[in-house]
Amino acid sequence: VDYQPIVSSQETHFPLTAEDKLKLSVFTPLNDPGDYSAVFITRIKLELCLAPLVLQTLKLDDQTLPATRPLYLCLGATGALAHRLSVVPAPGNAWQGTQAALTIENNPQGAVVAAPVWGVDQPLEDSWVIDCPWVTEQAAHLFTLNLVNQYTADPYPVTVSLGHHRLAFSEVMEAAYYPVLELQQKVRVGVQVASFYTGQTFSAVTVNWTVAGLRVRAAAVTDDSGWAYFDYEPTVAGEFDVVATVESPYYPEGVASQTLKVRVLATDPWQEVLAVVETQAAPWAEKTGYPNRGSSYPVHVKLLATSPLLGTQLWLSLTGLSPEQLGITVSPPLEQPVPVADLEPLWTLTSADRQDARFELSLGCSKLLLPSPKKTMSLARNLVKIGEQRLANKFPIIDEQESVVLRVQVVPVVNGDPVVGALVDWITPEGTLPTVATGAGGWASLLYSPATAGEQFVTARVRALRMRRLTHPDSR
């Protein structure tokens, strides 16, 4: 049979709406008598032609992106971290409520895969999973994704760049301390730049630094380990946000950012720290401390209610002879950071009755660059009392210019040998005599010649290294 099909095409516009049914009928004229020809329909192709797709936005993972810009996919976004892509048509667009498939052109090494797979339809409002393994170190791979509708419509192309487009700060270096303005201190902060997906760090990447609210700007390039640093030299006191940004086109704003807090102090807080001895407070380093051999000595620190040291950690350091040489133990231990939870931190020095010595104490703070000034300490038998006494051995006669010998012995408050070198002041009715020091056995003597008759009182005051005085009257 000589069959020659006739191709016919007809474009028709119907006011169709969703769920309408379209019925196609074919009609031919009646045949003439004796004409047994027939019409055979071998193929009908019915095309529903849609207007071009207009997108309102693209959604990549949790990012809402303008539809006019390229789509930045990331090497290493695979497995549980694979991208999820969805599209949002403009309101009233003909593609709404239809199905579509994704296709790919120039797939780099055929490595990028999708679910549903390329070319398989799914509802347009659903998302596609796009798996992008780490293929090569090439800076970026360019290719095209096409949205293809189930009906007849022009494919919608999306330009794609595949690379390390989602940078992150894998590690940050916070300000280690509060810089002090009057000391012209500066403080360093830093960030390490890496891929969000692979963790690979990047060198030669520019990181821009700003300080919120101030006209401070700087740029630094990452080193071989991906670190970039900023040395902030403040000009005013207060609390500031130092912001690091790095180019990262995955995000709508085009950058990844990190905020680091810096607190700047106007004055040196060590100048306001007090040392308390027997309820008397004085600046930390102003007065020498006098721990007593063979006993405990409180290192009592007092802070102001507004001190920036509150909420930090303090520790106590000792210089000079070692604690082992001095026979000193400290609680809490030396160099051990102690949280500052109240205004009066306390350390206790317990010393053996071993030797006299001088040493120095200083405080350190977890939020200050420099330690406190050093406080001088003098370890000796600093707490003394009068032990034995030798009163007047006779009643002196004034006319005969007789004298009597008065003697006191100085001993430590705690058990121990008599104190040699302790200071004794003799106070007579005629006045105070020059200070003398105890000699062998801790004894000090006074040869006293009274000027008037009657009962006279002579007072001996003893002290050790200008610490505490105890008195004892000798009477005649």
Side-chain angles (χ1 to χ4, degrees), residues 268-307 309-310 312-321 323 325-365 368 370-386 410-416 419 421-425 435 437-438 461-472:
D268 185 358
W270 290 129
Q271 304 305 318
E272 299 175 339
V273 175
L274 305 176
V276 181
V277 178
E278 296 180 339
T279 73
Q280 298 299 312
W284 164 257
E286 181 178 281
K287 295 183 178 180
T288 299
Y290 295 96
N292 189 58
R293 283 170 49 178
S295 59
S296 296
Y297 180 86
V299 180
H300 184 180
V301 176
K302 186 173 183 178
L303 307 177
L304 300 182
T306 57
S307 174
L309 305 187
L310 285 170
T312 68
Q313 293 182 320
L314 295 181
W315 58 87
L316 190 67
S317 299
L318 185 151
T319 54
L321 295 177
Q325 291 173 306
L326 294 169
I328 286 178
T329 59
V330 184
S331 178
L334 293 169
E335 310 297 336
Q336 177 176 298
V338 177
V340 182
D342 57 50
L343 297 176
E344 299 191 15
L346 177 68
W347 285 263
T348 301
L349 276 62
T350 303
S351 60
D353 188 9
R354 181 176 299 176
Q355 62 174 319
D356 292 351
R358 282 185 172 261
F359 59 93
E360 294 172 317
L361 295 178
S362 59
L363 294 167
C365 176
L368 293 181
L370 300 176
S372 73
K374 293 181 177 181
K375 180 179 181 66
T376 300
M377 306 295 287
S378 180
L379 175 64
R381 291 193 174 116
N382 291 316
L383 297 178
V384 296
K385 63 182 180 180
I386 293 176
V410 179
V411 297
V413 169
V414 296
N415 294 332
V419 180
L423 304 180
V424 180
D425 296 316
T435 300
T438 57
R461 291 182 177 176
V462 300
R463 53 196 167 97
L465 297 178
R466 299 173 295 171
M467 186 61 179
R468 179 181 296 176
R469 294 189 180 190
L470 298 179
T471 63
H472 178 79

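The first residue of the sequence shown is numbered 1, and numbering continues consecutively from there. Predicted model, so just to flag it, every value in this text is computed and none were measured. All heavy atoms count here, side chains included; hydrogens, waters and symmetry mates do not.
A side-chain N or O of S296 and one of T350 form a donor-acceptor pair less than 3.5 Å apart. Side-chain contact check for E335 and S317: at least one donor-acceptor pair (N or O, by modelled atom type) lies under 3.5 Å.
Across every non-hydrogen atom of Y297 and G289, the tightest pair is OH-CA, 3.6 Å.
At a threshold of 4.5 Å between non-hydrogen side-chain atoms, the residues T435 and R463 count as touching.
S307 places a side-chain N or O within 3.5 Å of a backbone atom of L309 that can act as its donor or acceptor partner. A donor-acceptor pair under 3.5 Å is absent between the side-chain atoms of W347 and the main chain of H300, judged by distance alone. In this structure a side-chain-to-backbone donor-acceptor pair under 3.5 Å is present from S351 to N292. Side-chain atoms of T438 come within 3.5 Å of backbone atoms of A422 as a donor-acceptor pair (strictly under, hydrogens ignored). In this structure, D425 contributes its side chain and R461 its backbone to no donor-acceptor pair below 3.5 Å.
Atoms CG and CZ, from L383 and R293 in turn, are 12.5 Å apart once rounded to the nearest 0.5 Å. One distance of note links CH2 of W315 with CG of L363; it measures 10.0 Å at 0.5 Å rounding. Here CG of L310 is found 7.5 Å from OG1 of T312. Values are rounded to the nearest 0.5 Å. If you take CG on L379 and CG on L349, they are separated by 9.0 Å, rounding to the nearest 0.5 Å.
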Query raised in the report: Is there a side chain to side chain donor-acceptor pair (under 3.5 Å) between S372 and S362 once you walk through the steps?
Result: CA-CA 6 Å; S372 73; S362 59; 5.0 Å; no

Requested in this report: Just do the side-chain contact (heavy atoms from CB on, under 4.5 Å) check on V340 and L303 with the steps written out, would you?
Outcome: CA-CA 10 Å; V340 182; L303 307 177; 3.7 Å; yes

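With sequence neighbours excluded, no residue forms a salt bridge (charged side-chain N to carboxylate O under 4.0 Å, His left out) with K302.
Between R381 and D356 no salt bridge is recorded (no basic side-chain N to carboxylate O distance below 4.0 Å).
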